[in-house]
Asks: 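Pasting a structure here, questions to come.
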Number of protein chains: 2
Amino acid sequence: MGEIAEAKAGARGARGAREPLRRDRILRTAVAIADEGGVEAISMRRIARRLGVVPMALYKHVENKDDLLNGMIDVVVGEIDPAIEGADWKTAVRERILSARRTLLRHPWAARVLESRTEPTPAIIAYFDSMMGIFLAGGFSVDLMHHALHVMGSRILGFSQELFDDASSAPDEEAIAMWSEMAERYPNIAALIRELAAGQISHEQATAVGGACDTQVEFEFALDLILDGLERLLASSRDGSDVARPSASKEARTTADPDDASASPAPI
Amino acid sequence: MGEIAEAKAGARGARGAREPLRRDRILRTAVAIADEGGVEAISMRRIARRLGVVPMALYKHVENKDDLLNGMIDVVVGEIDPAIEGADWKTAVRERILSARRTLLRHPWAARVLESRTEPTPAIIAYFDSMMGIFLAGGFSVDLMHHALHVMGSRILGFSQELFDDASSAPDEEAIAMWSEMAERYPNIAALIRELAAGQISHEQATAVGGACDTQVEFEFALDLILDGLERLLASSRDGSDVARPSASKEARTTADPDDASASPAPI
DNA sequence: TCCTAGGGTGTACGTCGTACACTCGTCAAC
DNA sequence: GTTGACGAGTGTACGACGTACACCCTAGGA
């Protein structure tokens, strides 16, 4: 959003009062490098080389590599579209999250870097605050909004925990054969693979059922299931009969280890 | 599950036909090191030192560091309790996931290592297969079961994407003051912090609403919301009127970039 | 007795992040 | 015009890291 022009202007105007935009240049080339080569391509030395500068020069603008990664995340999160105005909370949340997903798909390394962060960056804080605002404006109590954030988890930032990206969405013959061999050890996985292959052959109806494993469809399916659940809770909280929460949670916590407290991290 | 005894027996029986259990010893001490010092404590050199051996010795039993990490994950995932027999699908899934969570809380590094894996390990494959079996036995179609796995996401392995673990669950005075200062920039976060603090003062009612941010409660809340949603879909799929899916997903995909295909990874 | 193979060793390379001391330009104050 | 401070880029160096490669040593079979 105009940051490029800004950075250029800063570098150009060698006579300007000052040119503090060097950090931006570093972050932007770091993002570019990551876009090309993935997470493991991000190294201080490579960024410096790309900038035609000695590695230690970066440290005049960036505290350390962690700070650099935080800055990169801020660049990416800053690309998420702002919330749309005037929509009901559900579509506002939905569209915002889908925008976040689009952004993260443009920067496939970002999800992994995000996971490795240990504290939120300014852009993320702003993003969460605005997301909370959507919920509150939609009639959520602070408590229910808090739960909603936890329920969304990483999906709120546009990605689900997609483990094992090698399980290609369209199983090829080799995969089918392999899993068929293991069918007696892993019968259910084999069944799934069979079904995926069948759906694929029958001409890829993107309607979830029978179709091949389409991550966009799956993402939206999960998102909508969760939004529907929240909508129901919101409605029941307005009836006000009892505090809104899903069924099984009405009992007290069931299985927590008493010694967990220190081990469990807490998100926002 | 008897692996200790097995490993011991292997090391003991210096006269046995062979003692191929060296890999186990390596994995177990690696897990111990990670339990003590976190992810960044895991290095080939440190593991070797702990074993009183030169670093390169490890490579006779482990392909490389990635293989080592996979092995460590298998050790951890192997600690998850097997599914309980004879229960309905919902409680079976619920209990299994809570067991996974307990396991992951015992090994706080494991979630982060899991996230970094690029392909599933044998123990994870077995875990997923058995989880799929629960769903299918509960009456899920293969398709709905597939959606269910996606909906669960990382929760199925016992952790939610808990970003930013420094936001301590009980905000102290300093945090409250800090966020109050930023209240006009981040009004909604400030509201949440206030509410959390208030709940905390009013004597920690663990009943979600009004209580401090308790990650166990939040985890179960999200889990139950999702399980409730799946239950509803299962019921509606049995009525058979239409294919079961959440509301908004009934329209075709809305916002996917046409060029996404290669960028989006696909989980099982 | 020798051969072989498997497990442990030693050395070495390239990469990484970054501490520390330096140079060099620009500019304000005198 | 000289000086001195300061911000930005440099150079060198250190201690990690993962791991390739060649070596040894020992036990067991021929």
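So you know, we letter chains A, B, ... as the sequences are listed, proteins then strands, and number each from 1. Basis for what follows: all heavy atoms, side chains included, without hydrogens, waters or symmetry-related copies.
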Asks: May I ask you to test the B:Met72-B:Val113 pair for a side-chain heavy-atom distance under 4.5 Å?
Replies: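 Of all side-chain heavy-atom pairs linking B:Val113 with B:Met72, none is under 4.5 Å.
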
Asks: If I take atom CZ in residue A:Arg23 and atom C1' in nucleotide D:dA8, what distance separates them, rounded to the nearest angstrom?
Replies: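 Taking CZ of A:Arg23 and C1' of D:dA8, I get 16 Å after rounding.
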
Asks: Note the angle between the end axes of the helix from C:dT1-D:dA30 to C:dC30-D:dG1, five pairs defining each, rounded to 10 degrees.
Replies: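 The end axes of the helix from C:dT1-D:dA30 to C:dC30-D:dG1 are about 20° apart, to the nearest 10°.
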
Asks: Would B:Arg101 and B:Phe159 count as a cation-pi pair here, with the cationic atom under 6.0 angstrom from the ring centre and within 45° of the axis?
Replies: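 Not flagged: B:Arg101 not positioned over aromatic ring of B:Phe159.
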
Asks: Pairs of donor and acceptor atoms involving the side chains of residues 39-54 of chain A, under 3.5 Å and at least two apart or interchain, shall be tabulated with distances.
Replies:
unit_1	atom_1	unit_2	atom_2	d
A:Ser43	OG	A:Arg46	N	3.0
A:Arg46	NE	A:Ala41	O	2.9
A:Arg50	NH2	A:Glu36	OE1	3.0

Asks: Which residues in residues 51-58 of chain B have at least one heavy atom lying under 4.0 Å from any atom of DNA chain D?
Replies: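 Nucleic-acid contacts, sorted: B:Met56.
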
Asks: Detail all sub-3.5 Å separations between protein N/O atoms and N/O atoms belonging to nucleotides 24-27 of chain D.
Replies:
none

Asks: Check the side chains of A:Thr121 and A:Asp74 for a donor-acceptor pair under 3.5 angstrom, ignoring hydrogens and angles.
Replies: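 Checked: A:Asp74/A:Thr121 side chains pair up, N/O donor to acceptor below 3.5 Å.
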
Asks: For A:Ile42 and C:dG17, what is the distance between atoms CD1 and C1' respectively, to the nearest whole Å?
Replies: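 Result: 14 Å.
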
Asks: For the pair made of CZ in B:Arg46 and C1' in D:dC17, what is the distance, rounded to whole Å?
Replies: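 Computing the B:Arg46:CZ to D:dC17:C1' distance gives 11 Å.
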
Asks: Rounded to the nearest Å, what distance is computed from the NZ atom of residue A:Lys60 to the C1' atom of nucleotide C:dC20?
Replies: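 Checked: the NZ to C1' distance equals 10 Å.
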
Asks: Looking at B:Arg117 and B:Asp66, is any side-chain nitrogen of the basic one under 4.0 Å from a carboxylate oxygen of the acidic one?
Replies: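 Judged by the 4.0 Å cut-off on N to carboxylate O distance, B:Asp66 and B:Arg117 do form a salt bridge.
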
Asks: State, yes or no, whether a side-chain contact exists between B:Ile124 and B:Leu114 at a heavy-atom distance under 4.5 Å.
Replies: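 The answer is yes, as the side chains (C-beta and beyond) meet within the 4.5 Å cut-off.
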
Asks: Which whole-number value in Å describes the distance from A:Tyr59 OH to D:dT12 P?
Replies: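 One finds 18 Å between P of D:dT12 and OH of A:Tyr59, rounded.
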
Asks: Who passes side chain to side chain donor-acceptor pair (under 3.5 Å) against B:Asp67, sequence neighbours left out?
Replies: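 Here the qualifying residues are B:Arg23.
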
Asks: Could you state the CD-C1' distance from B:Glu40 to C:dC16, rounded to the nearest angstrom?
Replies: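 About 16 Å, once rounded to whole Å.
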
Asks: Ignoring the backbone of A:His61, work out which of D:dT19, C:dG17, D:dG9 is nearest its side chain.
Replies: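 Ranking D:dT19, C:dG17, D:dG9 by closest atom to the A:His61 side chain puts D:dG9 first.
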
Asks: Using side-chain heavy atoms (C-beta onward) and a distance below 4.5 Å, is A:Asp81 in contact with A:Arg96?
Replies: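 A:Asp81 does not reach A:Arg96 side chain to side chain.
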
Asks: Salt bridge (charged side-chain N to carboxylate O under 4.0 Å, His left out) with A:Glu79: which of A:Arg102, A:Arg28, A:Arg106?
Replies: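 Among A:Arg102, A:Arg28, A:Arg106, the one meeting salt bridge (charged side-chain N to carboxylate O under 4.0 Å, His left out) with A:Glu79 is A:Arg106.
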
Asks: Looking only at the side chain of B:Arg45 (C-beta and beyond, no hydrogens), which of the listed nucleotides D:dC17, C:dG8, C:dC16 gets closest?
Replies: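 Output: D:dC17.
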
Asks: Rounded to the nearest angstrom, tell me the gap between atom CD1 in A:Ile26 and atom P in D:dA8.
Replies: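 After rounding, the reported distance stands at 10 Å.
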
Asks: Working to the nearest 0.5 angstrom, can you tell me the gap between A:Met182 CE and A:Arg185 CZ?
Replies: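 Reported value, rounded in 0.5 Å steps: 6.0 Å.
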
Asks: With side chains defined as the heavy atoms from C-beta onward, is the minimum distance between A:Trp109 and A:Val31 less than 4.5 Å?
Replies: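 A:Trp109 vs A:Val31: side chains touch.
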
Asks: Does anything in residues 62-69 of chain A reach DNA chain C, meaning a heavy atom under 4.0 Å, and if so which residues?
Replies: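 Those residues whose heavy atoms fall under 4.0 Å from DNA chain C, taken from residues 62-69 of chain A in numerical order, are A:Asn64, A:Lys65.
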
Asks: Could you tell me the separation between the CZ atom of B:Arg25 and the P atom of C:dG7, rounded to a whole number of Å?
Replies: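 So the CZ-P distance, B:Arg25 to C:dG7, works out to 13 Å.
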
Asks: What distance do B:Leu157 atom CG and B:Thr103 atom OG1 have between them, rounded to the nearest 0.5 Å?
Replies: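 One gets 10.5 Å once the value is rounded to the nearest 0.5 Å.
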
Asks: Tell me whether the OP1 or OP2 atom of C:dG6 has a side-chain N or O from B:Arg22 closer than 4.0 Å.
Replies: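 No, because none of the side-chain N or O atoms of B:Arg22 sits under 4.0 Å from OP1 or OP2 of C:dG6.
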
Asks: Can you tell if the side chain of A:Met152 reaches within under 4.5 Å of the side chain of A:Met131, non-hydrogen atoms only?
Replies: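 Counting from C-beta outward, A:Met152 and A:Met131 never come under 4.5 Å.
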
Asks: Which value, rounded to the nearest 0.5 Å, describes the distance between A:Leu68 atom CG and A:Glu63 atom CD?
Replies: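 If I round to the nearest 0.5 Å, the distance is 11.5 Å.
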
